[in-house]
S.K.: 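Please find one structure pasted underneath; my questions will follow.
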Amino acid sequence: MAVNPDITILLDLYGEMLTEKERDTLEYYYNDDLSLKEIADNESAARRFRRDMGYASDSPSERDTITRQGVRDTIKRAEKKLMDYDSKLQLVEKYSRLSQKLDSLEQCVASIDEFNRRHGCYREISDNITLIGLIVEELREDI
């Protein structure tokens, strides 16, 4: 199955909107790089363990095993949900635009800093350059 690298970004942004099963399956597939078979085997083992320990199953019709096709269907359904969320909310595009603007701001700050160093190195300008740099770093951490 072809891997879509954009899904990891969408999973970070919208993962909490998926069911736990969908989110876990995508994380296993994209972040942990497990194969469909490995995910199916792990989920089947977890189901058997829950049954053996006397925990109620997730649904009355839940079987002890899941197939690779079942895992693939879960992945495809979750991927579609993530893409639908992003087509409506467009957070990836907003993130990209904001990141580009922060890059431009950093370039402007570097240019002003260089100019200030060549032409007198005024303390107020240096202090404000440092402050702007810290604000840009904080904004990058927030996005």
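Quick note: residue numbers are just sequence positions, from 1.
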S.K.: Could you tell me whether the side chains of N42 and Y28 share a donor-acceptor contact shorter than 3.5 Å?
M.R.: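 Absent: no donor and acceptor within the cut-off.
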S.K.: By salt bridge (Lys or Arg N to Asp or Glu O under 4.0 Å), which residues pair with D32, not counting sequence neighbours?
M.R.: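 Per chain and number, D32 pairs via salt bridge (Lys or Arg N to Asp or Glu O under 4.0 Å) with no residue.
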S.K.: Answer with yes or no whether the hydrophobic clustering places Y29 together with M17; edges join I, L, V, M, F, W, Y residues whose side-chain heavy atoms lie under 4.5 Å apart.
M.R.: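 Shared cluster, yes.
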S.K.: Quick one: salt bridge (Lys or Arg N to Asp or Glu O under 4.0 Å) partners of D6, sequence neighbours excluded?
M.R.: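 Applying salt bridge (Lys or Arg N to Asp or Glu O under 4.0 Å) to D6 gives none.
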S.K.: Is the backbone N or O of I112 less than 3.5 Å from a side-chain atom of N116, with the two atoms forming a donor-acceptor pair by type?
M.R.: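 A pair under 3.5 Å: no.
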S.K.: Spell out, as yes or no, whether a donor-acceptor pair under 3.5 Å connects the side chain of S111 to the backbone of Q107.
M.R.: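 A pair under 3.5 Å: no.
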S.K.: Between the main-chain N or O of L36 and the side-chain N or O of R68, is there a donor-acceptor pair closer than 3.5 Å?
M.R.: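 Answer holds: no.
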S.K.: May I ask you to decide whether E79 forms a salt bridge with K76, counting only side-chain N to carboxylate O separations under 4.0 Å?
M.R.: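 The answer is yes: the pair qualifies as a salt bridge.
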S.K.: Between T25 (side chain) and K21 (backbone), is there a donor-acceptor pair under 3.5 Å?
M.R.: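 Yes: the side chain of T25 pairs with the backbone of K21.
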S.K.: Could you report the tightest heavy-atom contact between S44 and T65, atom names first, then the distance?
M.R.: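 Nearest heavy atoms, S44 then T65: OG-CA, 3.2 Å.
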S.K.: If every non-hydrogen atom of R23 is compared with every non-hydrogen atom of L18, which pair is closest and at what distance?
M.R.: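 Taking every non-hydrogen atom into account, NH1-O, 3.3 Å.
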S.K.: Which pair of heavy atoms, one from E38 and one from S35, lies closest together, and at what distance?
M.R.: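 Nearest pair, atom of E38 first, then S35: OE1-N, 2.7 Å.
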S.K.: If I compare all heavy atoms of T8 with all of Y30, which pair ends up nearest, and what's the gap?
M.R.: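 Closest pair (atom of T8, atom of Y30, distance): CG2-CB, 3.7 Å.
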S.K.: Please name all residues satisfying salt bridge (Lys or Arg N to Asp or Glu O under 4.0 Å) with D127, sequence neighbours left out, ordered by chain then number.
M.R.: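 Residues passing salt bridge (Lys or Arg N to Asp or Glu O under 4.0 Å) with D127: R123.
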S.K.: Is there side-chain contact between R77 and E22, with at least one heavy-atom pair below 4.5 Å?
M.R.: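 A side-chain contact under 4.5 Å exists here.
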S.K.: Give the minimum heavy-atom separation between L26 and A78, together with the two atoms involved.
M.R.: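 Answer, listing the atom of L26 first, then A78: CD1-CB, 3.5 Å.
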